[in-house]
Protein chains: 2
Amino acid sequence: MGAEWTGTKAIARSESIRRATLELAHERGFAKLSIEAVAARAGVGKHTIYRRWPSKGALFLDAVLALNEGAFEYPETGDIVADLRQQMYAAVDLLGRPPLGPLYRSLLGEAQHDPAVSAALNERFIAPQTQRTIARLEKARDRGQLSPDFDLELAMSILSGPIYFQVLIADEPVTHDYVDKVLAALFAGMGPRASSPPGGDQRPPG
Amino acid sequence: MGAEWTGTKAIARSESIRRATLELAHERGFAKLSIEAVAARAGVGKHTIYRRWPSKGALFLDAVLALNEGAFEYPETGDIVADLRQQMYAAVDLLGRPPLGPLYRSLLGEAQHDPAVSAALNERFIAPQTQRTIARLEKARDRGQLSPDFDLELAMSILSGPIYFQVLIADEPVTHDYVDKVLAALFAGMGPRASSPPGGDQRPPG
DNA sequence: GTCGGAACGGCACGTGCCGTGTCGTAATCC
DNA sequence: GGATTACGACACGGCACGTGCCGTTCCGAC
């Protein structure tokens, strides 16, 4: 988005628009954001915005994600749990708290209404992030630190899901302690007496 | 919402408004829903809507939740895993697929923009549902089917979180098989060789 | 009953923002 | 250096908002 505007002035204009978008979203909230206000704040004609982004949601997505080009990389200390924990701390601290937290939450909300935003969000952020997590888990598995039939994607969902749930559904902040608990539960399980699962015919893990 | 309109005609009017809201949301999507269109479809003045609901989001929330007054109850076969699984199947089938799925997803999206909707959603649906899950788990724990230090709220988040993640973030449908995997992973854990967790200092489960 | 206030449907209004069109100007490309 | 393209500014029609005002209908109190 905006990638085809390569001139010096054009880039400066795009950045000015993104900055105005974030300022206004921060001041009044995404719901009350208007293209007209962004154009006025950025000192730009409305056409210039519409020429670069197809909708308010697309502009907002681009503005928010551009803040975070340096993605969340996983450290590689050899300890898979410690590495996951450190990355999750960083992600939760950045995306779960002000100033970026409310904006990211609004972005996720908008993705529920607009399929284009949902697709772009997935392509630009969710999928790459998922891939990084899976790659890190895969490396641990290949080194014998995890069971050979370890389900990488399922593990990724169990790590991320509860955290998004906490923020989006339960409307409560996520602490480092909460991250620790999720990690512990994922790897150790919560079965009775921490060994054999209670009755039922559920499949073995992995 | 609307609880103070008790007359026969008033109740019929409210139901007519809710029905029109759901019809139009189904036809055009929540984003393109307008109060004017609802009023016209319901054969009602705009004032009548504004008198009962403070916003489009509040009206939509009320309309969607009124469809599901009969909440998701847990069976009590004595097998905690089987009971959880059966309830989760029902919830996923109803809220994760058309016709109700897209509406529920829009409702969750709106809750990210509007604190009033978020609070009402929590009070009317999320919190009671959470309480039902916790109560069912607590009963199992008290019967010795789960570890005494079993963390009920954490377990609830680990059951629900990945499912919401799958729908809202990954934008993929939730199958019964997926529910089975989450349940298995929660109780058995995904640690290496399904016993001791890999290095790190994470706390024990619960 | 009937009577008075509240809620009603219908209509109109001013406002805000949308997305587009049209200027004359400035930057950019060949 | 000439043509093309993007630009800021402004205007436009359109839509939906939320509110105010009609005259009518409903409904509980008396």
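Each chain gets a letter, A, B and so on, in the order its sequence line appears, and its residues count up from 1.
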- prompt: So which heavy atom on A:S147 is nearest to which on A:R141, and how close?
  reply: O-CG, 3.4 Å
- request: Take the protein atom CD1 of B:I35 and the nucleotide atom P of D:dT19, then report the distance between them rounded to whole Å.
  value: 12 Å
- request: With DNA chain D as reference, determine whether B:K9 or B:S55 sits nearer its 5' end, using the nearest nucleotide of each.
  value: B:S55
For atom CG of B:L59 and atom C1' of D:dC17, their distance in whole Å: 15 Å
- prompt: If each of B:Y50 and B:T8 is mapped to the nucleotide of DNA chain D with the nearest heavy atom, which maps nearer the 5' terminus, i.e. the 5' end?
  reply: B:Y50
Filtered N/O pairs between nucleotides 3-9 of chain D and protein, under 3.5 Å:
| from | atom 1 | to | atom 2 | distance (Å) |
| --- | --- | --- | --- | --- |
| D:dC7 | OP1 | A:R13 | NE | 3.4 |
| D:dC7 | OP1 | A:R52 | NH1 | 2.9 |
| D:dC7 | OP1 | A:R52 | NH2 | 3.0 |
| D:dC7 | OP2 | A:R51 | NH1 | 2.1 |
| D:dC7 | OP2 | A:R52 | NH1 | 3.4 |
| D:dC7 | O3' | A:R13 | NH1 | 3.2 |
| D:dG8 | OP2 | A:G45 | N | 3.1 |
| D:dG8 | OP2 | A:T48 | OG1 | 2.5 |

query: Are a donor atom and an acceptor atom from the side chains of B:T77 and B:D79 found within less than 3.5 Å of each other?
result: no
For B:L33 against B:F60, the heavy-atom pair lying closest together: CD2-CD1, 4.4 Å
- request: Look at the side chain of A:Q131 and the backbone N and O of A:I126, then say whether any donor-acceptor pair between them is shorter than 3.5 Å.
  value: no
- request: Using five pairs at either end of the helix from C:dG1-D:dC30 to C:dC30-D:dG1, determine the angle between the two local helix axes and round it to 10 degrees.
  value: 30°
task: Quickly work out the A:L24 CG to C:dG16 P distance and round it to whole Å.
output: 16 Å
task: Keeping the roles fixed (side chain from B:S16, backbone from B:A12), state whether a donor-acceptor pair exists under 3.5 Å.
output: no
task: Say whether A:D177 and A:T175, considering side chains only, have a donor N or O and an acceptor N or O under 3.5 Å apart.
output: no
task: Could you tell me whether A:R52 sits above the aromatic face of A:W5, with NZ or CZ closer than 6.0 angstrom to the six-membered ring centre and within 45 degrees of the axis?
output: yes
field: Separation of C:dG19 P from A:E36 CD (nearest whole Å)
entry: 10 Å
message: Just verifying a value: how many Å separate A:I49 CD1 and A:K56 NZ, rounded to the nearest 0.5 Å?
response: 12.5 Å
